[in-house]
*Asks:* 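Below are the structure tokens for one structure; questions will follow.
Treat the numbers as computed from the prediction; the structure is a model and nothing was measured. For reference, positions follow the sequence shown, starting with 1.
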Amino acid sequence: MVKKLHEMGLRSEHAYSAAIGSIGLSFLAWLGSLKKEPGQGLDRADRWGIFVGEWAPTFFGLGIALSQYEKD
């Protein structure tokens, strides 16, 4: 799978950038939910932030795998 992604042009830097971006998006999703859904409470905003925040480790792991593939 990593080989195929690399052949498609995906590089480790892209995955790392997506991970950093998803951390920022997680904060924006949390803040947006908190502001745009009044009355829903902090719990709902937390769930949105956590949902998007779970993407970051996946992208970081993919970045590490691609980095190892690029070294070889």
Side-chain angles (χ1 to χ4, degrees):
M1 181 176 146
V2 174
K3 179 182 176 184
K4 185 67 173 170
L5 290 172
H6 190 268
E7 290 172 356
M8 292 172 49
L10 187 66
R11 302 291 181 256
S12 59
E13 294 84 17
H14 300 138
Y16 293 139
S17 296
I20 298 298
S22 71
I23 292 170
L25 185 61
S26 174
F27 175 73
L28 291 175
W30 175 82
L31 188 62
S33 178
L34 196 60
K35 300 283 184 187
K36 300 288 182 182
E37 298 177 320
Q40 296 295 326
L42 187 59
D43 291 342
R44 184 173 178 127
D46 286 347
R47 284 191 289 274
W48 272 111
I50 290 169
F51 171 70
V52 177
E54 289 178 351
W55 300 348
T58 303
F59 288 129
F60 277 123
L62 186 57
I64 291 169
L66 285 165
S67 176
Q68 291 297 316
Y69 184 79
E70 291 164 4
K71 285 181 184 178
D72 297 338

*Asks:* Tell me every residue that passes ring pair (Phe, Tyr, Trp, His ring centres under 6.0 Å) with His14, counting only those two or more places apart in sequence or in another chain.
*Replies:* none
*Asks:* Using the rule that two of Ile, Leu, Val, Met, Phe, Trp, Tyr join whenever any of their side-chain heavy atoms come within less than 4.5 Å, decide whether Ile64 and Ile20 are in one cluster.
*Replies:* yes
*Asks:* For Arg44, check salt bridge (charged side-chain N to carboxylate O under 4.0 Å, His left out) against everything at least two apart and list the hits.
*Replies:* Glu37
*Asks:* Going by the rule side chain to side chain donor-acceptor pair (under 3.5 Å), which residues pair with Ser26 if we only count those two or more places apart in sequence or in a different chain?
*Replies:* none
*Asks:* Keeping to residues at least two apart or across chains, list the side-chain hydrogen bond (donor to acceptor under 3.5 Å, both in side chains) pairs with something in residues 60-71.
*Replies:* Ser12-Glu70
*Asks:* Using the rule that two of Ile, Leu, Val, Met, Phe, Trp, Tyr join whenever any of their side-chain heavy atoms come within less than 4.5 Å, decide whether Leu42 and Phe27 are in one cluster.
*Replies:* yes
*Asks:* Show every side-chain hydrogen bond (donor to acceptor under 3.5 Å, both in side chains) that has at least one partner inside residues 45-65, sequence neighbours left out.
*Replies:* Trp30-Asp46
*Asks:* Other members of the hydrophobic cluster containing Met8, with the 4.5 Å side-chain heavy-atom rule, please.
*Replies:* none
*Asks:* Let me confirm one number: the CG-NZ distance from Leu10 to Lys4, rounded to the nearest 0.5 Å.
*Replies:* 13.0 Å
*Asks:* Measuring from Tyr16:OH to Phe59:CZ, what's the distance to the nearest 0.5 Å?
*Replies:* 13.5 Å
*Asks:* What closest approach, in Å, do Val52 and Ser22 show between heavy atoms, and which atom pair accounts for it?
*Replies:* CG1-O, 3.7 Å
